[in-house]
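Notes to accompany the following structure.
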Amino acid sequence: GQQVMQIPQYQHVQEGEDFTTYCNSSTTLSNIQWYKQRPGGHPVFLIQLVKSGEVKKQKRLTFQFGEAKKNSSLHITATQTTDVGTYFCAARGSNYQLIWGAGTKLIIKP
Amino acid sequence: GAVVSQHPSWVICKSGTSVKIECRSLDFQATTMFWYRQFPKQSLMLMATSNEGSKATYEQGVEKDKFLINHASLTLSTLTVTSAHPEDSSFYICSARERLAGVHYEQFFGPGTRLTVL
């Protein structure tokens with residue numbers, strides 16, 4: 001079935017450095033969503049991308065949807081301690097179900 | 001990675017009927033499972049937390065007699081929407097938490113079940 005591969009599994013950064021997580025699929029995606037889950041919390045919806053080549057920004061967060069709609073990325077500029085958590089991508093499948101990436105944990109080095 | 005499945009993926013039912021949704025952890029034991037409800041483009045709203053062998057803990061505003069949760073084994077939890085009404089139409093997602101070494105946990109999400117009540 002459809003799968004979404006998300007990398008890396010973990011990323012350690014110094015505060016102030018940038019962070020990027022990538023999601024890839026072998027098939028075309030109708031849309032892709034991004035969520036953030038803080039440690040001990042539950043996923044918070046960040047954004048949904050639908051259009052080919054779409055780029056959306058939310059303050060320091062930049063979301064991209066590839067031209068072929070098979071990949072997506074989330075980039076955080078100048079990370080802050082409040083950015084710590086796990087970032088998930090999820091694609092909507094043909095039967096409305098969500099296909100989740102495995103998540104990327106953002107860890108800020110002390 | 002670990003896999004969480006849900007069944008059915010899509011269900012349409014008549015108002016007044018009950019619907020059961022299953023959530024299974026396929027290759028790990030889940031001591032804790034969570035049930036969420038999601039409206040379009042919104043965050044997952046936690047409905048209840050269930051621990052294997054004990055009663056579920058419901059979030060404020062969630063009717064425990066309407067949304068029955070059973071977590072009978074370490075790999076299966078069920079959510080039954082009793083006497084469903086159109087306002088119960090939503091996307092229901094479960095997730096399972098696996099306990100790793102020490103106090104570390106990993107949480108895995110199911111693909112969701114779309115419920116439409118006519």
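Reminder, nothing fancy here: chain letters follow the sequence lines and each chain counts from 1.
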Which value, rounded to the nearest 0.5 Å, describes the distance between [X] atom [atom1] and [Y] atom [atom2]?
X        : Y       : atom1 : atom2 : result
B/Lys66  : B/Tyr58 : NZ    : OH    : 12.0 Å
B/Asp65  : B/Thr82 : CG    : OG1   : 7.5 Å
B/Leu118 : B/Ser15 : CG    : OG    : 9.0 Å

Q | Top contributor to chain A contacts, counting heavy-atom pairs under 4.5 Å, from B/Gly110, B/Gly112, B/Pro111 | A |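 Option with the greatest count: B/Pro111.
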Q: Go through the steps to decide whether B/Phe108 and B/Phe28 satisfy the test ring-ring contact (aromatic ring centres under 6.0 Å, His included), and finish with yes or no.
A: CA-CA 10 Å; B/Phe108 304 96; B/Phe28 67 99; 5.3 Å; yes
**Q.** B/Thr78 vs B/Ile21, side chain to side chain contact (heavy atoms under 4.5 Å, CB included): CA-CA, chis, key distance, verdict
**A.** CA-CA 6 Å; B/Thr78 59; B/Ile21 302 170; over 6 Å; no
Q. Step by step, would you call A/Ile32 with A/Cys23 a side chain to side chain contact (heavy atoms under 4.5 Å, CB included)?
A. CA-CA 9 Å; A/Ile32 195 155; A/Cys23 283; 4.2 Å; yes
Q | Portion of B/Leu46 that has a non-hydrogen atom of chain A nearer than 4.5 angstrom | A |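 Contact with chain A is through the side chain of B/Leu46 alone.
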(Q) Is it the case that atom NZ in B/Lys64 sees more than 12 heavy atoms from other parts of the structure closer than 6.0 Å? (A)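 No.
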Chain B/chain A interface donor-acceptor pairs under 3.5 Å:
unit_1: B/Tyr36; atom_1: OH; unit_2: A/His42; atom_2: ND1; d: 2.4
unit_1: B/Gln38; atom_1: NE2; unit_2: A/Tyr35; atom_2: OH; d: 2.6
unit_1: B/Ser43; atom_1: OG; unit_2: A/Phe45; atom_2: N; d: 2.6
unit_1: B/Glu106; atom_1: OE2; unit_2: A/Lys105; atom_2: NZ; d: 3.4
unit_1: B/Gln107; atom_1: OE1; unit_2: A/Gln37; atom_2: NE2; d: 2.7
unit_1: B/Gly110; atom_1: O; unit_2: A/Trp100; atom_2: NE1; d: 2.9
unit_1: B/Pro111; atom_1: O; unit_2: A/Leu98; atom_2: N; d: 2.7
unit_1: B/Gly112; atom_1: O; unit_2: A/Gln97; atom_2: NE2; d: 2.7

